[in-house]
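Below is one structure, written out as structure tokens; comments come after it.
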Amino acid sequence: MLKVSNLNKSFNKNKVLNNISFELNKGEIGVLLGKSGAGKTTILRCINGLENFDSGQIIVDGKIIDTSKDIYKLRGKVGMVFQNFNLFPHLNVLENIIQSPVNIFKIKKQEAIKSAKELLKLVDLENKIDSYPCELSGGQQQRVAIARACALMPKVLCFDEPTSALDKDTIKNVVNIMNKLKSNGMTILIITHDVDFANEVCDKIININNGEIEVVISK
Ligand SMILES: Nc1ncnc2c1ncn2[C@@H]1O[C@H](COP(=O)(O)OP(=O)(O)OP(=O)(O)O)[C@@H](O)[C@H]1O
Ligand SMILES: [Mg+2]
């Protein structure tokens with residue numbers, strides 16, 4: 001479902017990704033582990049089309065990603081939940097979720113609302129549909145961000161440090177949601193420093209050191 005081959009990326013003269021290659025099958029959860037500055041976020045940003053890369057290839061759902069073309073189609077295939085969630089502060093929960101499907105993907109509003117309600121059920125936040133981000137806890141905001149990313153029905157969902165701001169119980173919640181998504185066939189790529197969390201959710205650990213893959217462990 002996701003295949004990264006020989007990905008290379010420099011910022012000016014600073015080479016940050018050196019021949020990164022790995023694959024995830026449909027419904028697999030992969031974790032990127034590595035020290036601060038290893039290049040993990042840059043890998044996700046390349047996969048999501050937020051960053052151009054120098055050479056290599058990224059294939060999602062059998063199609064080569066060409067970031068120079070049709071970036072919105074790509075964003076529909078690869079969802080991203082950012083570390084700080086990036087919710088729109090002036091929109092309520094429902095509006096946050098339907099904004100992109102309705103305005104960019106031209107899905108009918110009624111349909112988008114129906115799917116949003118189903119997603120809010122999945123992340124157990126039906127009762128917060130009218131709330132604004134500032135009225136939600138960190139864990140709740142994160143679940144809205146997950147629902148929002150899922151609203152575009154991506155093939156691959158990426159998370160940058162999803163558990164860094166969460167307590168143990170809320171992390172359990174996130175593990176549950178990820179397992180539900182996985183059982184729906186979603187392929188998931190997660191950056192984390194939390195080794196316990198990684199071991200609990202993942203099928204594959206990809207260890208990044210200084211822009212290179214050190215080892216890939218399949219479970
Ligand atoms: N926009 C940018 N311009 C220049 N250098 C950058 C840029 N973004 C990242 N870098 C550099 O690329 C390297 C990898 O950064 P990246 O954010 O991918 O690391 P990371 O593994 O996600 O680290 P962390 O765990 O701290 O989030 C770092 O040396 C960083 O300084
Ligand atoms: Mg990072």
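All values reported here derive from a predicted model rather than from experimental measurement. Order of listing sets the numbers, starting from 1, for every ligand and every atom in it. We use all heavy atoms of the structure for the numbers below, so side chains are in, but hydrogens, waters and symmetry mates are not.
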What atoms in ligand 1 come closer than 4.0 Å to a heavy atom of His193?
25 (O)
Ala38-ligand 1 polar pair, N/O distance under 3.5 Å:
yes
What part of Thr42, side chain from CB on, backbone N/CA/C/O, both or neither, has a heavy atom under 4.0 Å from ligand 1?
both
Mark up the atoms of ligand 1 that fall under 4.0 Å of a heavy atom belonging to Val16, in ascending order.
11 (C), 12 (O), 13 (C)
Hydrophobic cluster identity match, Val215 and Ile29, side-chain contacts under 4.5 Å:
yes
Please determine, by modelled atom types, if Asn209 and Lys35 share a side-chain donor-acceptor pair under 3.5 angstrom.
no
For ligand 1, find out whether one of its N or O atoms is nearer than 3.5 Å to an N or O atom of Ser36.
yes
Nearest atoms (heavy-atom pairs only) where Met1 meets Thr187:
CG-OG1, 3.3 Å
Run the numbers on Ile43 and Ile208 for side-chain contact (heavy atoms from CB on, under 4.5 Å), then give the verdict.
CA-CA 10 Å; Ile43 295 174; Ile208 311 288; 3.7 Å; yes
Quick one about Asp167 and Thr170 (side-chain donor to acceptor, distance below 3.5 Å, no hydrogens or angles considered), yes or no?
yes
Note: ligand 1 atoms sitting under 4.0 Å from heavy atoms of Lys35 are 21 (O)
Under 4.0 Å from one or more heavy atoms of Gly37, ligand 1 contributes atoms 13 (C), 14 (C), 19 (O), 20 (P), 21 (O), 23 (O), 24 (P), 26 (O), 28 (C)
I want to know if ligand 1 touches Phe11 in the polar sense, i.e. an N/O pair below 3.5 angstrom.
no
Ligand 1 atoms in contact with Thr41 (distance to a heavy atom under 4.0 Å)
17 (O), 18 (O), 20 (P), 22 (O), 27 (O)
Lys/Arg N to Asp/Glu carboxylate O, Asp160 vs Lys40, below 4.0 Å
no
Is the closest basic N to carboxylate O distance between Asp203 and Lys219 below 4.0 Å?
no
Closer than 2.8 Å to the Mg ion (ligand 2), do we get an N, O or S atom from Thr41, backbone or side chain?
yes
Any non-hydrogen protein atom below 4.0 Å of atom 24 (P) of ligand 1?
yes
